[in-house]
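Notes to accompany the following structure.
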2 protein chains.
Amino acid sequence: MSFKLSPEYALLGILMRGPKHGYEVHSYFSSEMSQFWHLSMSQVYALLKRMEKNGMVVSRKELQEKRPAKKIFSITQAGKDRFLDWAYSPVKHVRDLRIEFMAKLFFIKELKLKGVSGIIDKQIGVLQEKLDVTRNSKERTADEFQAALHSFKIAQTTSALDWLNQCKIYFYEN
Amino acid sequence: MSFKLSPEYALLGILMRGPKHGYEVHSYFSSEMSQFWHLSMSQVYALLKRMEKNGMVVSRKELQEKRPAKKIFSITQAGKDRFLDWAYSPVKHVRDLRIEFMAKLFFIKELKLKGVSGIIDKQIGVLQEKLDVTRNSKERTADEFQAALHSFKIAQTTSALDWLNQCKIYFYEN
DNA sequence: TGAGTGTTATTACAATATGGAATATTCTCG
DNA sequence: CGAGAATATTCCATATTGTAATAACACTCA
């Protein structure tokens, strides 16, 4: 029932713009989102199949002469709700910014959703808290290897926070 | 024959210290490396099995009364060569620093291998080159989303480079 | 003109990965 | 003494991934 992975959400995001069949979904993904995310054909089909089983999408067959029938997927209300929940929630780790958070920003912009600065602020909150925790851990560490590890996390989180603050300017609420 | 994934290398690193059976390898992993890497039991066993097939390790059975026989794994010369190749080569992406590069540093320290600053310098070289490429891409981009994406990469890479320079001090050649 | 390549469109299958449970004994702590 | 943690490994059911098979047509370049 539940999916933890994010590629499903990306596919939901694509279907938010209207019904599409698997091949089209993949094409869109490859052309518009390839800068930060890759999904293979078979993955797209497999995910859509599962999403249909989960009630996030429904399909209808469109028969074609001399070609295999297209299977056109539409997002359901449940799917829309799920997608929007995802789009407006921050990611848990710095490592998820590069792909998952980017995807959220991408769809918020693409679908002209309101509240970009809201999600950016929430994300800043999450990372700020992690930063504080890591700083505390670092202070309580004698081992130099552990300290180096913590320094790395602190450096990455700090630069992510700087970037998020820049983002608020880039994506300044229309 | 070839393995692209790194967990194998971590197991080789552990076996560099001497023969161990699966459970011991996992225990060591869990206690010493858990700060930056997690592997499940079944993964450890599966990996060791494959590594034996690949000639990186060999096993001998140690029979025990009233207990299942322990399977003790030793690293082969091929395994040692492979491990050292890996340990002294930089990772390709910033995202691989957190786990894989950390593991290299960990083993270099743990096994008292020479040339920490060598690998750090190589890593700095790789990331510096990526940084230049990304900076160029950013300049040639009109789209604001693309620009934000590039900014993120630049920020993360820059902070990683700063950290690597700090590392040279932390791990100053004994 | 025809051979090869690219696009549209989906399914099937094999290989691997991952998580969880099954098994069975011994140690440890209250 | 009994509960539960530790020792030690294997097995199995899914998940995931990559590759190939299929099939028609459009394009292209020699």
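So that the names make sense, note that chain A is the first sequence line, chain B the second, and so on, each numbered from 1.
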Donor-acceptor pair, distance only, cut-off 3.5 Å: does the side chain of A:K122 make one with the backbone of A:Y88?
yes
With no hydrogens and no angle check, do the side chains of B:D162 and B:Q166 hold a donor and an acceptor under 3.5 Å apart?
no
Integer-rounded Å distance: D:dT16 C1' and A:R50 CZ:
9 Å
Expected list for residues 35-44 of chain A near DNA chain C, using heavy atoms below 4.0 Å, is A:M41, A:S42
Tell me, which pairs form a ring pair (Phe, Tyr, Trp, His ring centres under 6.0 Å) where one or both residues lie in residues 12-34 of chain B, sequence neighbours left out?
B:F29-B:W37
Which atom names give the shortest non-hydrogen contact between B:F73 and B:L15, and what distance separates them?
O-CD2, 3.6 Å
Rounded interatomic separation in angstrom, taking NZ from B:K53 and C1' from C:dT16:
10 Å
Starting at CZ of B:F73 and ending at P of D:dA8, how long is that distance when rounded to a whole Å?
14 Å
Can we say A:E110 and A:R17 salt-bridge, meaning some charged N sits less than 4.0 Å from an Asp/Glu carboxylate O?
yes
Which heavy atom in B:I72 sits nearest to a heavy atom in B:P19, and how many Å separate them?
CG2-CB, 3.7 Å
Expressed in angstrom and rounded to an integer, what is the separation of B:K61 atom NZ from D:dT9 atom P?
11 Å
Over how many whole Å does the gap from B:H26 atom NE2 to C:dG20 atom C1' extend?
13 Å
Of the listed C:dA9, D:dT10, D:dA15, the closest approach to the A:Y45 side chain comes from C:dA9
Which residues in residues 13-24 of chain A have at least one heavy atom lying under 4.0 Å from any atom of DNA chain D?
none
Length of the line joining B:K70:NZ and D:dA6:P, which is rounded to integer Å
17 Å
Take atom CG of B:L47 and atom P of C:dT16, then tell me their distance rounded to the nearest Å.
13 Å
Check: B:F83 ring centre within less than 6.0 Å of B:Y9 ring centre
no
Go through it in stages, so that I can follow the logic: the residues are A:E8 and A:R82, the test is salt bridge (Lys or Arg N to Asp or Glu O under 4.0 Å), and I'd like the CA-CA distance, side-chain angles, deciding distance and then a yes or no.
CA-CA 10 Å; A:E8 275 100 335; A:R82 193 79 106 105; over 6 Å; no
Find out whether B:T158 and B:R135 are in side-chain contact, i.e. whether some heavy atom of one side chain is under 4.5 Å from a heavy atom of the other.
yes
Rounded distance (Å) that lies between atom C1' of D:dT16 and atom NZ of A:K49:
14 Å
